[in-house]
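A short worksheet on the structure shown next.
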Protein chains: 2
Amino acid sequence: MKNENNVTIHDIAKALNISGSTVSRALNNNARISEKTKKAVKDMAKQLGYQPNALASNLRTSCTNTIGVIIPRISRYFFSSAITGIEELAREKGFNVIICQSNDLEERESDCVQTLFASRVDGVISSVALKAENYDHYKTFTNRNIPLVFFDRVVDELETSKVVVDDFKGGFIAAEHLISKGCKRIAHISGPQHLNIYINRLQGFLKAMRKHHIDINEELIIESPLTREDGLRCAKTLLESDNPPDAIFAGNDTTALSIILYAKEKGIKIPEEVAVVGFSNEPFSEFLSPSLTTVEQSGFDVGTKATELLLDIIQNKTGNKQETIVLPVNLIERESSDKK
Amino acid sequence: MKNENNVTIHDIAKALNISGSTVSRALNNNARISEKTKKAVKDMAKQLGYQPNALASNLRTSCTNTIGVIIPRISRYFFSSAITGIEELAREKGFNVIICQSNDLEERESDCVQTLFASRVDGVISSVALKAENYDHYKTFTNRNIPLVFFDRVVDELETSKVVVDDFKGGFIAAEHLISKGCKRIAHISGPQHLNIYINRLQGFLKAMRKHHIDINEELIIESPLTREDGLRCAKTLLESDNPPDAIFAGNDTTALSIILYAKEKGIKIPEEVAVVGFSNEPFSEFLSPSLTTVEQSGFDVGTKATELLLDIIQNKTGNKQETIVLPVNLIERESSDKK
DNA sequence: TTGAAAGCGCTAACAT
DNA sequence: ATGTTAGCGCTTTCAA
């Protein structure tokens with residue numbers, strides 16, 4: 001049944017001697033079409049191998065039933081699970097998903113925005129690039145009232161709805177956990193301070209320290225891009241100092257990993273000499289040795305929630321409510337902080 | 001600069017007192033338009049904040065500059081790196097990417113096909129669902145000459161171009177490595193035998209065994225869906241038998257992980273009592289303890305190569321050459337097989 | 001080098 | 001309950 005020539009609604013119309021609009025309505029289950037006609041149309045559509053052309057429909061209705069997603073990189077587990085959450089809900093509601101990766105670069109992110117706009121997506125979910133410092137390109141959407149929801153890496157200057165995990169609480173419970181294990185000199189490797197998530201993790205950390213009257217030593221709080229390489233630099237800085245910390249709360253699991261690897265290489269015992277806590281619960285953290293205590297955040301839940309918000313704005317035209325949804329985190333205690 | 005009303009080429013035309021067609025040609029750098037006009041048009045486009053509407057252009061030209069990707073699940077590292085490879089090249093060549101996940105289910109896969117077809121993608125890259133046994137839905141593309149390239153999980157009955165890694169060689173070097181370590185009773189946990197990749201890994205394994213005159217014991221070759229749960233079942237079956245193997249070549253890293261965890265729990269020493277080799281080099285395999293010897297396959301390379309093939313078919317209309325590209329694999333030796 | 005006009009396939013007023 | 005008609009924004013033949 002080769003079918004090179006695409007079948008259109010007009011072919012169905014001709015075959016049944018009715019008008020194109022009737023066919024269109026029948027296929028869309030319009031209430032004003034008789035059941036008999038609907039059945040005839042659908043049967044004929046199947047018989048002719050008709051497949052709707054979304055392009056034409058989209059152009060006409062200027063709505064594409066497509067949402068765009070901009071993320072730094074798909075290969076990070078947190079983001080790929082966020083996408084799984086996004087896709088699942090979007091598809092259920094009849095929406096397609098177009099994904100663009102910014103690779104954490106501002107320029108690429110700007111390209112993504114152009115691409116998604118040219119595709120006339122009905123709305124956008126984004127987590128901003130680490131190295132972006134200017135967010136004007138997002139105005140392409142906001143100026144035209146195209147719904148936009150940020151997740152995880154959000155920026156205050158963009159007034160949209162946001163979905164984040166409770167980074168403050170995450171920082172707080174991580175620090176409090178280390179304190180409860182008897183650690184006194186607790187270091188924190190924080191991420192870029194123009195991003196809320198890292199500010200909040202740091203603030204939560206500081207709050208716990210103050211609450212328990214632990215000295216906050218400026219030298220023990222360092223900023224890092226939180227890559228694997230820079231994690232090694234941080235490990236070195238902290239662990240080779242004259243007065244090393246007895247605990248490190250790393251801004252993410254990747255950095256915690258670097259610390260564990262460095263400590264292993266240098267024969268520094270974890271958790272006895274230095275306890276380590278990460279952030280994210282990346283899949284590998286469970287299998288490290290020692291296994292990594294970390295703050296779990298569900299990418300899937302964040303993605304689902306962001307999609308829920310976005311679809312609500314798209315479908316109910318509720319306008320941009322600028323809600324910020326905060327999802328819970330919880331501490332997963334493992335060996336890397338298990339001091340007696 | 002609010003810009004609710006979308007600017008079209010006609011707005012530019014009106015502003016410059018020229019025709020819409022001239023504007024269209026100027027924007028597309030048509031050779032028959034004077035440089036002066038081109039410049040004027042582009043300047044005005046920028047001034048008015050014109051953004052092309054891909055929908056209209058796509059409908060007219062019936063080519064969308066979009067390729068569709070169907071994968072089992074994005075959260076598996078091999079697939080997310082394949083997508084990274086696909087996206088990178090596709091974008092460079094001016095193509096968008098729409099991703100659909102089948103979740104390894106035939107029905108979902110069929111939905112993906114419909115979705116991508118309705119979006120009139122110019123071509124499709126796919127890795128088939130584990131649980132699919134019927135592939136007729138792909139005829140939606142093949143019947144209409146929409147280019148289709150499979151990667152990784154390919155099926156013989158579909159006559160398209162394919163990109164795979166050298167699974168046969170992978171199975172062979174894994175087995176030969178274990179043999180070289182002095183193992184005699186070598187088990188293999190194989191994947192679903194309707195998929196080439198698992199057939200080939202098994203065949204490569206068998207070839208090495210025969211080459212080195214090692215007895216092939218049917219009881220030591222078992223089939224599994226290769227999930228983490230089923231890996232535990234396999235570990236139990238093999239390691240608790242009366243005459244357990246001294247080595248296991250697992251069909252993927254996930255299964256190897258299950259074996260390592262099971263052995264740890266039961267106090268079975270790896271590699272001394274049983275050596276383990278996996279397949280894929282998942283990110284966690286490096287950090288397991290013992291770290292996992294595995295066969296590395298690059299998802300990124302596979303994705304890139306598949307895209308290269310697909311774009312070649314799309315752009316040069318070369319027709320379907322039904323090539324099968326085989327990419328190299330290599331063994332990463334780590335602790336789990338490091339017997340003296 | 002530029003313009004006029006038709007049309008991609010579908011939907012939605014408006015009319016009947 | 002169904003048909004007529006116009007048009008979404010763009011490209012492209014044909015004509016000038």
Side-chain angles (χ1 to χ4, degrees), chain A residues 3-42 44-45 48-66 94 117-122 144 146, chain B residues 3-42 44-45 48-66 94 96 117-122 144:
Chain A
N3 214 334
E4 258 283 47
N5 51 336
N6 278 323
V7 182
T8 74
I9 52 171
H10 297 296
D11 296 318
I12 301 176
K14 214 170 288 169
L16 294 172
N17 248 313
I18 56 178
S19 80
S21 18
T22 302
V23 174
S24 171
R25 283 188 273 248
L27 291 171
N28 290 310
N29 273 318
N30 187 304
R32 304 183 314 185
I33 298 291
S34 72
E35 283 310 319
K36 199 178 123 221
T37 310
K38 278 187 193 170
K39 183 168 170 8
V41 167
K42 287 176 183 173
M44 183 56 75
L48 298 178
Y50 170 76
Q51 303 272 155
N53 185 332
L55 258 48
S57 163
N58 294 343
L59 177 61
R60 182 59 230 247
T61 59
S62 58
C63 97
T64 54
N65 294 311
T66 300
F117 181 75
S119 303
R120 293 297 189 273
V121 292
D122 294 337
R144 291 176 176 83
I146 294 171
Chain B
N3 214 335
E4 257 284 45
N5 50 337
N6 279 322
V7 183
T8 74
I9 53 170
H10 297 295
D11 298 316
I12 301 176
K14 215 169 287 170
L16 293 172
N17 248 312
I18 55 177
S19 79
S21 13
T22 303
V23 174
S24 171
R25 284 189 271 247
L27 291 171
N28 290 311
N29 273 317
N30 187 305
R32 306 183 313 183
I33 300 290
S34 71
E35 284 307 321
K36 202 179 120 216
T37 309
K38 278 187 192 169
K39 182 165 169 14
V41 167
K42 287 176 184 173
M44 184 56 75
L48 297 178
Y50 169 77
Q51 302 271 156
N53 185 331
L55 259 48
S57 159
N58 293 344
L59 177 61
R60 184 55 230 252
T61 59
S62 60
C63 98
T64 54
N65 293 312
T66 300
N96 281 325
F117 182 75
S119 302
R120 294 297 189 273
V121 293
D122 294 337
R144 290 176 178 81

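Per chain, numbering begins at 1; letters A, B, ... match sequence-line order. Only a predicted model underlies this, so the values are computations on that prediction, with no experimental measurement involved.
- The shortest non-hydrogen separation linking A:G20 to A:A13 is N-CB, 3.8 Å.
- Projected onto DNA chain C by closest heavy-atom contact, A:S57 and B:N30 fall at different nucleotides, the more 5' of which corresponds to B:N30.
- The A:R25 side chain lies nearest to D:dT2 when the options are D:dT2, C:dT2, C:dC10.
- Using a 4.5 Å heavy-atom cutoff, the side chains of B:L55 and A:L55 are not in contact.
- In the interface, the side chain of A:S21 is paired with the base of D:dT4 through a donor and an acceptor atom under 3.5 Å apart.
- Checking D:dC10, D:dT13, C:dC10 against every side-chain atom of B:Y50, the shortest atom distance belongs to D:dC10.
- A:N17 places its CG atom 13 Å from the C1' atom of D:dG3, with the value rounded to the nearest Å.
- Interface remark: the A:R60 side chain does not form any donor-acceptor pair with the D:dG9 base, using a distance-only criterion of under 3.5 Å.
- The distance from atom CG of A:N29 to atom P of C:dA12 is 14 Å, rounded to the nearest whole Å.
- In this structure, CD1 of B:I12 is placed 15 Å from P of C:dT2, rounded to the nearest angstrom.
- The shortest distance between the side-chain N/O atoms of A:T22 and the OP1/OP2 oxygens of D:dT2 is not below 4.0 Å.
- Comparing C:dG9, C:dT2, D:dA1 by their nearest atom to the side chain of B:T37 picks out C:dT2.
- Nearest approach of B:Y50 to B:V7, heavy atoms of both residues: CD1-O, 3.3 Å.
- At whole-Å resolution of the value, CG in A:N6 and C1' in C:dG9 are 10 Å apart.
- Computed from coordinates, the B:N53 CG to C:dG9 P distance equals 17 Å when rounded to whole Å.
- Residues B:N96 and A:S119 share a closest heavy-atom pair of ND2-OG, 3.4 Å.
- Interface remark: the B:R120 side chain does not form any donor-acceptor pair with the C:dG9 base, using a distance-only criterion of under 3.5 Å.
- The distance from the OG1 atom of B:T64 to the CG atom of B:L59 is 11.5 Å, given to the nearest 0.5 Å.
- Under 4.0 angstrom from either OP1 or OP2 of D:dC8 there lies no side-chain N or O belonging to A:S62.
- Residue-level contact check: B:L55 touches neither bases nor backbone, having no heavy atom under 4.0 Å from any strand.
- Comparing D:dA1, C:dC10, C:dC8 by their closest approach to the side chain of B:L59 singles out C:dC8.
- Distance, A:N28 CG to D:dA1 P: 16 Å, rounded to whole Å.
- Of the residues B:I33, B:T22, B:V41, the one that meets the side-chain contact (heavy atoms from CB on, under 4.5 Å) test with B:L27 is B:V41.
- OP1 or OP2 of D:dT2 sits under 4.0 Å from a side-chain N or O of A:S34.
- For B:I33 and C:dG3, the CD1 to P distance is 8 Å, given to the nearest whole Å.
- In this structure, B:N58 reaches neither bases nor backbone, as no heavy-atom distance under 4.0 Å exists between it and the strands shown.
- The residue A:S24 sits close to a base: some heavy atom pair falls under 4.0 Å.
- Nucleotide D:dG9 holds its C1' atom 7 Å from the CD1 atom of B:I9, rounded to whole Å.
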